[in-house]
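I have placed the structure first, in the form of structure tokens, so that the comments after it can refer back to it.
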Number of protein chains: 2
Amino acid sequence: MKKPKIKDVAKMAGVSTTTVSRVLNGERYVKDELKAKVQRVIDELGYSPSHIARSLVRQKTNLIGVIVPDLTSSFHATILSSIEQTASRSGYSLLVCDIHEDTDKELQYLNIFKEMRVEGIIIMHEKLSDKIQNLINKLDIPVIFSSVRPPDQKFISVIIDDYHAAYDAARYLAGLGHTRIAFIGGDMRDVTSGQSRYLGYRNALEDSGIAVDDDYIRFGDYKPRSGYDRMKELLDVSPRPTAVFAVSDDMAAGAMNCIHDQKLSVPEDISVIGFDGSQLTELVRPRLSSMEQPIEDMGRVTVDSLFDLIQGNEKAPKEDLILQHQLVVRDSCRALQ
Amino acid sequence: MKKPKIKDVAKMAGVSTTTVSRVLNGERYVKDELKAKVQRVIDELGYSPSHIARSLVRQKTNLIGVIVPDLTSSFHATILSSIEQTASRSGYSLLVCDIHEDTDKELQYLNIFKEMRVEGIIIMHEKLSDKIQNLINKLDIPVIFSSVRPPDQKFISVIIDDYHAAYDAARYLAGLGHTRIAFIGGDMRDVTSGQSRYLGYRNALEDSGIAVDDDYIRFGDYKPRSGYDRMKELLDVSPRPTAVFAVSDDMAAGAMNCIHDQKLSVPEDISVIGFDGSQLTELVRPRLSSMEQPIEDMGRVTVDSLFDLIQGNEKAPKEDLILQHQLVVRDSCRALQ
DNA sequence: TTGAAAGCGCTAACAG
DNA sequence: CTGTTAGCGCTTTCAA
């Protein structure tokens with residue numbers, strides 16, 4: 001027998017579909033006797049109510065759409081995992097899109113989300129094209145950004161204070177006695193966090209009485225490879241930097257590998273500090289000191305806030321939620337002298 | 001105005017809903033003039049057809065459910081990414097569940113998948129409880145396993161030949177002149193691949209004229225931490241092994257870190273070989289030699305086969321799909337003498 | 001080419 | 001406590 005429907009159950013139990021619906025939804029007002037009989041038929045038939053039909057009449061899908069820039073990045077995967085955890089606890093399921101630099105795909109998925117009538121959308125991607133800006137602005141579905149804050153738009157972000165986090169990281173290096181502190185930043189074009197972290201780095205140096213030297217400043221794409229390549233360039237600068245601050249752990253790990261491959265040592269020759277607090281920090285040797293984001297919290301807070309937005313709660317956030325960053329010292333930085 | 005519906009479009013365009021439906025679905029038999037007018041109204045209203053209503057009448061959801069044991073594992077994240085890529089290209093979306101050891105959650109999600117009427121289910125989790133076995137067996141939705149092959153069940157798996165892969169890895173070490181070859185395996189209880197790899201290791205040693213020594217054999221849980229801990233135990237065995245084969249890159253990386261922390265060197269003191277071919281192999285130093293699975297292919301083949309299953313294609317697989325493993329030599333193993 | 005009407009599987013008034 | 005009835009938003013015969 002093909003997928004039984006509520007009518008089949010009703011017929012077989014000798015009751016109306018309403019009654020079946022009632023036991024399905026655990027309502028009162030059903031005699032125990034009937035309830036038991038209906039339940040028996042349900043089990044026997046292996047009946048399972050159609051979420052589709054339910055959604056249609058309830059006007060509620062319990063679905064959340066998530067857009068991730070790259071699933072294979074440990075940072076994003078960890079946030080996603082935390083998001084999934086939190087959402088599922090409230091009975092929500094996730095529709096996941098991994099865009100992989102493909103802007104068309106992002107657009108396509110946003111439209112799918114719209115058609116699917118997801119109740120909310122979480123975006124972890126920063127470089128929004130005009131088309132996309134346009135689309136999400138007239139979407140009429142709550143949107144929230146997690147771990148990023150794209151410029152010029154009206155939605156809430158759950159982030160850390162990138163400026164101060166970067167500032168604190170650079171200050172830490174300066175406090176260790178370093179004066180030739182290199183910087184491997186992120187995308188500067190349209191990316192707020194990239195700029196904030198860059199500014200934090202600059203100001204920290206200035207406040208430490210260190211002249212900012214553009215030769216020590218490079219920009220990558222957050223991935224290990226770019227950390228490696230930019231580090232290679234930095235090693236050619238003379239005098240060589242004694243410390244480097246990379247704005248992702250992935251880039252920091254890449255930088256460490258480059259240093260290693262050039263027969264130099266971390267932290268003896270060069271100190272390295274990362275950013276994010278991904279699992280990588282404990283997986284590399286020396287273990288990587290990092291300015292950490294509260295990744296798990298970030299996922300949780302994102303979902304909780306999105307729910308508030310969906311429900312139109314009073315406590316729904318009106319502005320960005322800033323989570324605390326934290327410097328975690330491991331073994332990749334040393335004090336000079 | 002709240003979410004316009006097809007009726008609104010029809011009214012505003014002065015046509016029937018049928019006509020709107022026709023232009024929506026790009027059918028012939030609509031006069032260009034009307035088509036244009038309807039399209040204009042659609043754009044103006046920002047109308048987007050309800051996937052819910054469509055699914056209900058078409059009896060087709062374009063949804064696939066995926067169960068991942070742990071999203072934060074690079075191996076699984078990469079397969080998932082490849083799955084998403086392939087599925088979205090065919091217009092399918094993914095419902096993702098990260099079970100995190102939580103068997104109840106797996107059961108709960110399987111039921112959600114059932115209610116959601118997903119068209120197919122991909123499972124990357126190996127330790128199926130009886131309840132779950134039971135459920136998926138009477139599910140009447142195509143199920144396919146990716147990268148795992150749980151014992152005793154009727155569904156297809158997309159995997160490599162674990163036995164021969166492990167055999168080849170151990171043989172490689174033996175060929176390098178090693179005779180004290182340790183093994184850090186996976187779960188042996190209910191997990192087929194764990195047993196196959198173990199057997200491959202044993203037989204490779206025997207075929208190489210090396211006596212198998214149980215002191216050199218440990219079992220972990222595929223994660224870095226367990227690789228670290230098991231390695232620590234192995235270092236206490238006397239005489240110390242000169243090589244270790246871990247059945248995941250994560251465990252191999254953990255083992256390398258342990259060796260490093262004990263002031264020993266890879267590969268000078270101990271050679272290490274991993275399994276999987278995750279990104280980690282290039283991220284650690286020395287770079288990790290690994291018996292690699294074709295991760296991207298695995299995702300692609302999984303989805304393609306699932307589609308064949310869904311469509312009841314002739315070419316739908318009748319038995320497990322075995323993909324080719326490949327030894328990738330990097331810098332973590334050395335020849336003795 | 002176009003439209004009227006039935007129905008996908010379920011819930012929710014409203015009666016009884 | 002239980003059943004009747006009317007949709008939820010769309011597609012799809014069937015006629016016109």
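In what follows, chains are A, B, ... by sequence order, proteins preceding strands, each numbered from 1.
A salt bridge links A:Lys105 and B:Glu84; the closest N-O separation between the charged side-chain nitrogens and carboxylate oxygens is under 4.0 Å.
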Side chain to side chain contact (heavy atoms under 4.5 Å, CB included) between A:Met124 and A:Ile83: does it pass, once the steps are laid out? CA-CA 11 Å; A:Met124 300 194 226; A:Ile83 286 176; 3.7 Å; yes

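B:Glu126 and B:Ser193 are linked by a side-chain donor-acceptor pair at a separation below 3.5 angstrom, with hydrogens and angles left out of the test. With hydrogens and angles left out, the side-chain atoms of A:Asp102 and A:His100 include no donor and acceptor closer than 3.5 Å.
Nearest to the side chain of B:Ser50, among D:dG9, D:dT4, C:dT2, sits D:dG9.
For B:Arg22 and C:dG3, a side-chain-to-base donor-acceptor distance below 3.5 Å is present, hydrogens and geometry of angles not being considered.
Summarising the geometry, the separation between CD1 on A:Ile52 and C1' on C:dC8 is reported as 11 Å, rounded to the nearest angstrom. D:dG9 atom P lies 14 Å from atom CG of B:Leu45, rounded to whole Å. Across the protein-nucleic acid pair, A:Leu34 atom CG and D:dC1 atom C1' stand 9 Å apart, rounded to whole Å. As rounded to whole Å, 9 Å separates atom P of D:dC10 from atom CG of B:Asp8. With rounding to whole Å, A:Glu115 atom CD is found 15 Å from D:dG9 atom P. The interatomic distance linking B:Ile6 (CD1) with C:dG3 (C1') rounds to 13 Å, in whole Å. A straight line from CG of A:Leu56 to P of D:dT11 spans 12 Å, rounded to a whole angstrom. Across the protein-nucleic acid pair, A:Arg58 atom CZ and C:dA13 atom P stand 13 Å apart, rounded to whole Å.
An OP1 or OP2 oxygen of D:dT11 is reached within less than 4.0 angstrom by no side-chain nitrogen or oxygen of B:Gln59. Taking side-chain N and O atoms only, B:Thr18 has no distance below 4.0 Å to OP1 or OP2 of C:dG3. Remark: A:Arg54 is not in phosphate contact with C:dC10, judged by side-chain N or O atoms under 4.0 Å from OP1 or OP2. Contact annotation: A:Thr19 reaches the phosphate of D:dG3 (side-chain N/O to OP1 or OP2, under 4.0 Å).
Aromatic ring centroids of A:Phe75 and A:Tyr222 lie 6.0 Å or more apart.
Position along DNA chain C of the nearest nucleotide to B:Val30 versus B:Val57 favours B:Val30 as the more 5'-ward residue. Ranked by how close their nearest DNA chain C nucleotide is to the 5' end, B:Lys31 and B:Arg117 are led by B:Lys31.
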